[in-house]
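Report on the following structure.
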Amino acid sequence: MKHLVFAAGILSVAGAVAADTPELTVYTYDSFVADWGPGPQVEAAFEAQCGCDLRLVGVEDGAALLARVRLEGARSDADIVLGLDTNLIAAARATGLFAEHRVEAEFDLPVSWSDPVFVPYDWGYFAFVHNADLVAPANFRALADSDTRIVIQDPRSSTPGLGLLLWVKAAYGDDASGIWEGLADNIVTVTKGWSEAYGLFLEGEADMVLSYTTSPAYHLIAEGDASRAAAAFEEGHYMQIEVAARLAASDHPELADRFLAFMVSDAFQSIIPTTNWMYPAVIPRSGLPDGFETLVTPEKALLFTPDEAAAVREGALDEWLRGLSQ
Amino acid sequence: MAARAQPVSPWPGLGAAAIVAALILGTLLAVAWRADAAVRFGGADWAALRFTLLQAVLSSVLSVALAVPVARALARRRFAGRHVLIALLGAPFILPVIVAILGLLTVFGRAGWISAALGAIDLPPLSIYGLHGVVLAHVFFNLPLATRLLLQGWQDVPGERFRMAATLGVDGWAMWRLIEVPMLLRVVPGALAVVFALSLTSFAVALTLGGGPRATTIELAIYQAFRFDFDLGRAAMLSGVQLLLTGIAAWCALKAGQGDGFGAGLDRAVRRWDGTGAGARVLDVLWVGLAALFLLLPLSAIVLAGLGSLGGLPGVVWQAVLVSLGVSVASTALVLLLAVPMAATVALGRGRAVEMAGILGLAASPLVIGTGLFIMVYRVADPAVLALPVTALVNALMALPFALRILVPQAREVVARYGRLGLSLDMAGGPFLRHVLLPRMRAQIGFAAGLAAALSMGDLGVIALFADPDTATLPLQVYRLMGAYRMDDAAGAALLLLILSMGAFWALDRGGRWNAEA
């Protein structure tokens, strides 16, 4: 077996050396490159038109992705980083490693977008997902007053966890600590990441789990199961916008720009909804897949700008820790 | 050092220990090197330290205390299924954390089997979340491991001692006082240190079953420093604290575990004549039964969850099986290459530092090791190409402490009893190794290799930065499936992982003891 693995390693190195077409390296998060993620289809679609080799490298998640780029600095092999979100943009910008883009697109986002460096490719709303037969609370105060049990993720180790932290902060500002104190007895537990929390919810440990408004679409479209729903909250829902950017030190700046332009085109955007289970940043001509029309659409979108998010998260984390540690 | 004649050379072992220490401390320094600012140990860190120590002490003391009667019963009873049970003892330990947590919750959770049974007689559901939940989970992980380590201690007592005891009519309390307590005094401290170190670096288990941020461990603080703040100095400092705590615990354990053994025997199969009273029988049945129930219920939950989708798993899962097997073989070879010389060196009486180096692998934060290795290699090589070698290497470091705990007592015994004889026959070095040391340690080497192989298939966590999409290991594939809502496939893949790990453990452990006691 060992020989097999080594042989596979050697073959893949040999393959890379043999190719004389330019290679565009995209760092992204792990679930993007999984077989059932957008990666394989995106790679095939872009390679069909670029005359290049698209190499997708998956790194755990957005935060680990940024950490890797920071560690590598200007020496990085990456031409593109795909998979940061608005909460990581301020830190990413501060590294000075990213270059301005030349993409022009009409984004279908609930908020206006004009960032010179970071190009959005998909987005979603955070939401509590529950079984369709549950009468879900309509806001955080009602949730805190109810005996609905929820499971959430830790903002220190998880992207959705950080999203919830900022959601409560964006909706309640200075009252956020009060909300957390109220929620303390609803929270069954706090998990390291999304998978643990979602697994606990499916095991029946909690009535609701922090996820996305698009989660029920997976169950409906991929499993034909209409029994999950997302709770609409009156305060509005915090958004996650996922972005990509070109590295200033890229060896193939033009190819990288072409990829970013491809990323907001129909070919890429039509892959996103049923592989990444998020809303496309530019709705493709074919529209959204059947089933997406059943999803809750929040009346109000909440989002801190990257700078605001960077400024409030430390204090918001303290409130969260204090509220839940009593 | 005095050039006293030795049956084997201490140098290979010292060299292996130096490599291990250099890797663990080197990665720590590499991370600290990249730090931007000075760091301090703040109030929240003290809180995390207190909780970490509290749960680690409780978990290790409880795991080992419960393991004593279980191992004692297993050592003196022979019953159908005993071997299967002993092999299954390795199982909880090698499961991906998330899978084990879900298995535990199926049994102990609010919607679990026990709560359902309680509900049927109008009692409120169990609440597993809190310090007791953390300790329960850690006992689930570590009781089996501690039992195996202690059982090894019982099996290392030569059969002649029990024969003599039977001749003299030694039974019950006297047996406990004359043979078992002296043996335990030598074995228990090491087992305590290993479980303590393991519980110390717990993060996902502690957080999930602890019920919230009150259950913040140092490992979580390291994660936060790395991800939330990208403060490498803090990550390195906190990891240093973990290493220091484990170092202290290991030093105390090694100090306490000194003393002479029972001497050599003729390697007869161990037979026991004691413990025939009705009371002793009932007690043993009770302990083994309870331990089996506690372990097998969550395991059967995992098996039940995965059985349905085992047949229809996607092709990438089978590809991951091949990758994991390759990693496991490489890790196991590495562990033996490091552990056998290290055990020999310890046996020569030069080994406190060598044993300490071995235990540190458990206390090192996987995140810090992974980041440190990444910082060291990315300038010279493509991390993706190194993903599998790094996985194998780090898995080997994690398995090393167990291998040492298994190998050292026997190596000590062999060197003490046959070393001078070997020297007088002028068979120091290679011949002693080939004809005396290795053959007499075959059972222990088999057990150590089995555990290392099983562990290496289960482990994950250090290669986040070394991603290579084409060569995902099976545990990584389990996480990927879960991250993509495919919980059923993930459960199937987890079951597959369990079967593979148990199979590897079984094959190697049996291979090592094929002519030993039935």
Side-chain angles (χ1 to χ4, degrees), chain A residues 1-2 4-6 8-9 12-13 30-31 33-37 39 56-60 63-64 66-68 70-72 75 77 91 149 154-157 162 184 187-196 198-200 202-206 215 218-219 222-223 277 313 317 320-321 324-325, chain B residues 34 44 98 101-102 105-106 109-112 129 203-204 207-214 216 220-221 223-224 226-228 230 314-316 322-323 325-330 333 371 374-375 378-379 382 384-385 388 464-465 467-471 476 479-487 490:
Chain A
M1 282 317 158
K2 196 164 97 183
L4 264 184
V5 174
F6 283 152
S12 68
V13 173
D30 190 66
S31 64
V33 302
D35 265 44
W36 39 82
L56 292 169
V57 176
V59 180
E60 201 179 4
L66 180 58
R68 172 151 173 186
R70 282 173 132 172
L71 288 173
E72 293 184 344
R75 299 174 39 103
D77 281 345
R149 291 169 298 130
D154 196 309
R156 295 169 291 179
S157 57
L162 181 58
I187 295 173
V188 174
T189 192
V190 176
T191 65
K192 177 185 172 190
W194 179 91
S195 301
E196 286 90 345
Y198 213 80
L200 256 62
L202 293 180
E203 286 273 312
E205 287 296 297
S215 298
Y218 173 82
H219 297 290
E223 297 178 335
W277 301 100
R313 60 178 210 150
L317 179 66
W320 183 86
L321 286 170
L324 299 189
S325 294
Chain B
R34 287 290 304 261
I98 184 168
I101 290 177
L102 291 178
L105 288 177
T106 307
R110 301 182 62 108
Y129 303 98
F203 156 19
L207 181 68
T208 307
L209 293 172
R214 265 173 311 227
T216 294
L220 173 52
Y223 221 73
Q224 178 186 357
F226 187 73
R227 296 175 52 102
F228 196 85
F230 197 69
V316 285
L322 288 184
V323 173
L325 283 174
V327 166
S328 174
V329 168
T371 309
F374 181 83
I375 291 171
Y378 85 92
R379 285 168 191 280
D382 178 1
V385 173
L388 293 182
L465 290 170
D468 178 359
D470 301 327
T471 52
L476 183 59
Y479 273 86
R480 274 189 183 169
L481 286 162
M482 285 192 136
Y485 294 94
R486 298 170 173 235
M487 302 289 170

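Just so it is clear: chains get the letters A, B, ... in the order the sequence lines come, proteins before strands, and each one is counted from 1. We use all heavy atoms of the structure for the numbers below, so side chains are in, but hydrogens, waters and symmetry mates are not.
The part of B:Ile375 that comes within reach of chain A is its side chain, from C-beta onward, which places non-hydrogen atoms under 4.5 angstrom from that chain. Using a 4.5 Å cut-off between heavy atoms, B:Tyr129 contacts chain A through its side chain alone, with no backbone atom that close. Residue A:Arg70 touches chain B through both its backbone and its side chain, counting heavy-atom pairs closer than 4.5 Å. Of the atoms belonging to A:Leu162, it is side-chain heavy atoms, and not backbone ones, that fall under 4.5 Å from chain B. Contact of A:Tyr218 with chain B is made through the side chain alone, with heavy-atom distances under 4.5 Å.
The nearest pair of heavy atoms linking A:Lys192 to B:Ala204 is CD-CB, 4.0 Å. Annotation for B:Pro213 and A:Leu324: closest pair CG-CB, 3.5 Å, computed over non-hydrogen atoms. Summarising the geometry of A:Glu205 relative to B:Arg110, their closest heavy-atom pair is OE2-N, 2.9 Å, with the distance given to 0.1 Å. B:Gly483 and A:Trp194 get closest at one heavy-atom pair: O-CZ3, 3.7 Å. Nearest heavy atoms, B:Pro314 versus A:Trp36: CG-CZ3, 4.4 Å. Nearest heavy-atom pair across B:Leu102 and A:Glu203 is O-OE1, 3.7 Å.
Checked by atom type and distance alone, the side chain of B:Arg480 never pairs as donor or acceptor with a backbone atom of A:Asp35 at under 3.5 Å. A donor-acceptor pair under 3.5 Å is absent between the side-chain atoms of A:Arg156 and the main chain of B:Leu220, judged by distance alone. The main-chain N or O of A:Trp277 is never found under 3.5 Å from a side-chain atom of B:Tyr485 such that the two would form a donor-acceptor pair.
A cation-pi arrangement is found for A:Arg313 relative to B:Phe228, the charged atom lying closer than 6.0 Å to the ring centre and inside a 45° cone about the ring normal.
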Pair B:Leu207-A:Glu196, side-chain contact (heavy atoms from CB on, under 4.5 Å): steps then yes or no: CA-CA 11 Å; B:Leu207 181 68; A:Glu196 286 90 345; over 6 Å; no

Might you work through the side-chain contact (heavy atoms from CB on, under 4.5 Å) test for B:Tyr378 and A:Arg68, ending with a clear yes or no? CA-CA 10 Å; B:Tyr378 85 92; A:Arg68 172 151 173 186; over 6 Å; no

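With chain B as the partner, the residue from A:Ser31, A:Ala34, A:Gly199 showing the most heavy-atom pairs under 4.5 Å is A:Gly199. Between chain B and the options A:Ser157, A:Ala206, A:Gly204, heavy-atom pairs under 4.5 Å are most frequent for A:Ser157. Among the candidates B:Arg486, B:Met487, B:Arg227, the residue making the largest number of heavy-atom pairs closer than 4.5 Å to chain A is B:Arg227.
Note that CD1 of B:Ile101 and OG1 of A:Thr191 are 8.5 Å apart. Values are rounded to the nearest 0.5 Å.
Using a 4.5 Å cut-off on side-chain heavy atoms (C-beta onward), B:Thr208 and A:Leu200 make contact.
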